[in-house]
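Report on the following structure.
So you know, we letter chains A, B, ... as the sequences are listed, proteins then strands, and number each from 1.
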2 protein chains.
Amino acid sequence: MFNKETEYALRGLVYIKLQNLKNRRPGTTEIAKEIEAPQFYTAKILQRLVRAGFLRSLKGKGGGFFFDPDKPDLQLIKLISATEGDKSYSSCGFGLKHCDNDKPCPLHEKYAVIRDSINKLISDETVQSLAEKVYKKELNLR
Amino acid sequence: MFNKETEYALRGLVYIKLQNLKNRRPGTTEIAKEIEAPQFYTAKILQRLVRAGFLRSLKGKGGGFFFDPDKPDLQLIKLISATEGDKSYSSCGFGLKHCDNDKPCPLHEKYAVIRDSINKLISDETVQSLAEKVYKKELNLR
DNA sequence: TTATTAAAGGACAATATGGTCTTTTTGTAT
DNA sequence: ATACAAAAAGACCATATTGTCCTTTAATAA
């Protein structure tokens, strides 16, 4: 489905939000361990996400990562666009540059339906909505 | 959706089958041109597919690629398993090693539905069924 | 103001993917 | 038998992805 960077970003952000709900600001070591991802790679990815403005961080003692409570929820599609690029779930399943209802590839009719449902999923769900589910249903992140 | 190798394999095979329907056996140069793929890379991919037993080839004058008429149709899922590995559309969208109805990730409920429909699509459709669509509806492969 | 803590930054390495080119082998037609 | 055509094989290169580690910067607590 997603590439590694997106996976780690997604799991990491959900973990951060989950801890934020408990008034904690986790750091890279803890996050990486809890989501079972490579520590330094996770740190680098989180760095990028901070630079992209998706979340905030604090250095030094008591520092760590946290979401700005004033910001709107982060749709998965925004995250995925940042890590994998825009065209991930907008392009042709057959690999054609131009493929639409008028000039479809042989997969178009059936694949378009699936692509739409993927886009609905990643537009509807947010990092926060997933964290809520984990919190309420005590789901696991690893 | 798919990686480049799978895309070229898929388009290439459909083109070959389409030509076979017209009693032709296309070669690598023609195939690569018609599906707009890199020539030598396409040749290498077709080589692998022949070795994997998905289609046959003939060297020398009048040679080229063709499907064994006695073989059953090639499901896309078989092709994709060969080019991308088994777990492409069987694993967790969140990246968890263990994720099922009992111990789900926060995406599971919605993603499982999508994953099932992808698996249905690539099990139902075959290289031959796609070639038929292209033939009957005069669709394009590039 | 100093020590400590933790993120930021950046260099570097390993692996996978995507792609090119040349040589060898094999089949066909003449 | 020979020339030719086309796939097979394999060496090689480019780029992207994934991952590690070391140094620097900034914040906090003592």
Verify, without hydrogens or angle tests, whether B:Thr42 (side chain) and B:Pro38 (backbone) share a donor-acceptor contact under 3.5 angstrom. yes

Worksheet item: Any side-chain N or O of B:Thr28 less than 4.0 Å from the OP1 or OP2 oxygen of D:dA7?
Response: yes

*asked:* So, does B:Arg51 get its side chain near the phosphate of D:dA9, meaning an N or O under 4.0 Å from OP1 or OP2?
replied: yes

Is a side-chain N or O of B:Gln75 found less than 3.5 angstrom from the main chain of B:Ser123, in a donor-acceptor match? yes

In whole angstroms, the gap separating P of C:dG19 from CD1 of B:Ile45 amounts to 8 Å

Judged by nearest nucleotide, the residue sitting upstream toward the 5' end of DNA chain C, B:Arg25 or A:Gly64, is A:Gly64

Taking C:dT5, C:dA29, D:dA8 as options, the one with an atom nearest any side-chain atom of B:Ser57 is D:dA8

**Q.** B:Glu84 side chain to B:Thr6 side chain, donor-acceptor N/O pair below 3.5 angstrom
**A.** yes

Atom CZ of A:Phe66 and atom C1' of D:dA27 are separated, to the nearest Å, by 12 Å

NZ/NE/NH1/NH2 to OD/OE distance under 4.0 Å, A:Lys137 and A:Glu132: no

Rounded to whole Å, CZ of A:Arg48 lies from P of D:dG19 at a distance of 12 Å

Should the pair A:Glu5-A:Arg48 be classified as a salt bridge under the 4.0 Å nitrogen-to-oxygen rule?
-> yes

Atom NZ of A:Lys61 and atom C1' of D:dT28 are separated, to the nearest Å, by 7 Å

In whole angstroms, the gap separating P of D:dA6 from CD of B:Gln39 amounts to 12 Å

Closest to the 5' end of DNA chain D, once B:Gly27 and A:Gly63 are matched to their nearest nucleotides, is B:Gly27

Ranking A:Gln47 and A:Gly60 by the position along DNA chain C of their nearest nucleotide, the one closer to 5' is A:Gly60

Q. Does A:Lys44 get its side chain close enough to the base of D:dG19, under 3.5 Å, for a donor-acceptor pair?
A. yes

Check if the side chain of B:Glu5 and the base of C:dG18 share a donor-acceptor pair of N or O atoms closer than 3.5 Å. no

Testing C:dT28, C:dT20, D:dA27 for proximity to the side chain of A:Leu58, the answer is D:dA27

Examine the base of D:dT18 for any acceptor or donor lying under 3.5 Å from a partner atom in the side chain of A:Lys4, and report the outcome as yes or no.
no

Separation of C:dG18 atom P from B:Phe2 atom CZ, nearest Å, is 13 Å

Rounded to whole Å, the CZ-P distance (B:Phe65 to C:dG27) equals 14 Å

Q) Just checking B:Thr29: base, sugar-phosphate only, or nothing, at a heavy-atom cut-off of under 4.0 Å? A) nothing

Whole-Å distance, A:Phe40 CZ to C:dG9 P, equals 17 Å

**Prompt:** Any side-chain N or O of A:Tyr8 under 4.0 Å from OP1/OP2 of D:dT18?
**Reply:** no

Is the shortest side-chain N/O distance from A:Tyr41 to OP1 or OP2 of D:dC21 below 4.0 Å?
no

Per atom distances to the A:Pro38 side chain, the nearest of C:dG19, C:dT25, D:dT20 is D:dT20

- Is a salt bridge present between B:Glu34 and B:Arg11, judged by a nitrogen-to-oxygen distance below 4.0 Å? no

